[in-house]
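First listed ligand is number 1; within each ligand, the first listed atom is number 1.
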Amino acid sequence: MNLVIHDTLSGEKRPFTPTDPGRVTMYVCGPTVYNYAHIGNARPVVVFDVLFRLLRHIYGEDHVVYARNITDVDDKINAKAAAEGVPIGTITDRFTAIYNADMAALGALPPSAEPRATAHIEPMLDMIGRLVDAGFAYAAEGHVLFDTRKYADYGALSRRSLDDMIAGARVEVAPYKRDATDFVLWKPSKPGEPEWPSPWGAGRPGWHIECSAMVEKTLGMPIDIHGGGHDLVFPHHENEIAQSRCATHGGPYANYWMHNGFLTIEAEKMSKSIGNVLLVHDLIEQFPGEAIRWALLAAHYRAPLDWNGELLAQARKNLDRFYGVLRRAADLPVDATVGPPEAFLAALMDDLNTPRASAELFAQAHTLETSADVAERTAAKSALLAAGRLLGFLQADPDAWFEGGADEDLKAKVEALLQTRIEARAAKDWATADRIREELNALNVVVMDSADGATWRLREAT
Ligand SMILES: [Zn+2]
């Protein structure tokens, strides 16, 4: 079974062949850390987490290196630091920690490396120097710009011609640019902003050069897979290719380019002006991270995904179904030698087809629930858990899943009612005990009495 992935550059599905199967490399553009991540930012994180897990499954955990950068120097970071009167590091440390905690709540494994831009100024200056020396970049008014006319393949990834791009450039072109499409590699800092010395004057790097320099430094060129959201194809990834290839005299940069589709909110673009920006930090307070993860993988990664209440409700219902089946099969053993089912792997190997892969989870759950054969049920339970693990699902205790749907207020209320119920029963006050049972029922709580006392859970969604 071979992994096949859709490559944006060639525009087709291609069998995946890493340069070195002993060290498969993947780079995904990470966050600019000045604010909370929204649900659209979380989609590439979860999509490429699934790919990371799949690559680890295929090549072995120690043979995949996944780097996701932290952009920790940027205009918005500077503005926020200035507004709070603190160094940029205070802002970027705070939001890096929040970002990592929020993404962990969605079940995303930490990447193998998380290079920070400010720790890679030297490799960036080195790459800019090579571009200037080779005539692909020029200095002007304290800036260094990449000369897009010098790179014949400019526009290949986004399928745009340079002339169309120039004709389409509506913004006023900065006087120091030779061409409208030339992009900044280095620029002067404004007074009070952080700056680093350079042969072209003190300043700071442009955004695009940081990824190219960190790819080269952290992973080495060419990398196997470069990923990100579809909105990064142009200009960010186009520029990364141009500068990295020119800096290495035409060498290949990334052998496969993967991009996830857009995420809309109730069929609308997410924007501050509409007021429909959903932050992961808020969502994980209201819904289990696992349900949010399921919702993010509900569509194929290249398709658009519309985020709405129904999508999340369905995600939760699906997980209720699996955890309900697993709870009813709690007494069955798990055979650790059983791996994910063939059809499940085949779906993921086919350009990460998560909808088809999750259909296979349902098939296993069905066998587990309905088969009369214990060996068959044990195999189905083991396969379901192995497949779930690969996708980042179903590893919680089923009881914890159902109670996890209760917020702290509800938990406290239920515990108090259960305590009163114990006292009422001890006093043979059956009227009070009955009334409490009805109250718990109204709260959607199911109580299970046993010799060790009562446990409870929220009723499964139907
Ligand atoms: Zn990038």
Worksheet item: Do you see an N/O/S atom of His237, backbone or side chain, under 2.8 Å from the Zn ion (ligand 1)?
Response: no
Fill in: His208 and Glu238 side chains, donor-acceptor separation under 3.5 Å
no
Worksheet item: Are His236 and Trp207 close enough that their ring centers fall under 6.0 Å?
Response: yes
All N/O donor-acceptor pairs, side-chain side in residues 29-37, below 3.5 Å, sequence neighbours left out:
none

Worksheet item: Counting only heavy atoms not in Glu84, do more than 12 fall under 6.0 Å of its CD?
Response: yes
Item to complete: Have a look at Glu240 and say which of its N, O or S atoms is nearest the Zn ion (ligand 1).
Response: OE2
Discussion item. Looking at the Zn ion (ligand 1), is there an N, O or S atom belonging to His208 that lies under 2.8 Å away from it?
Written reply: no
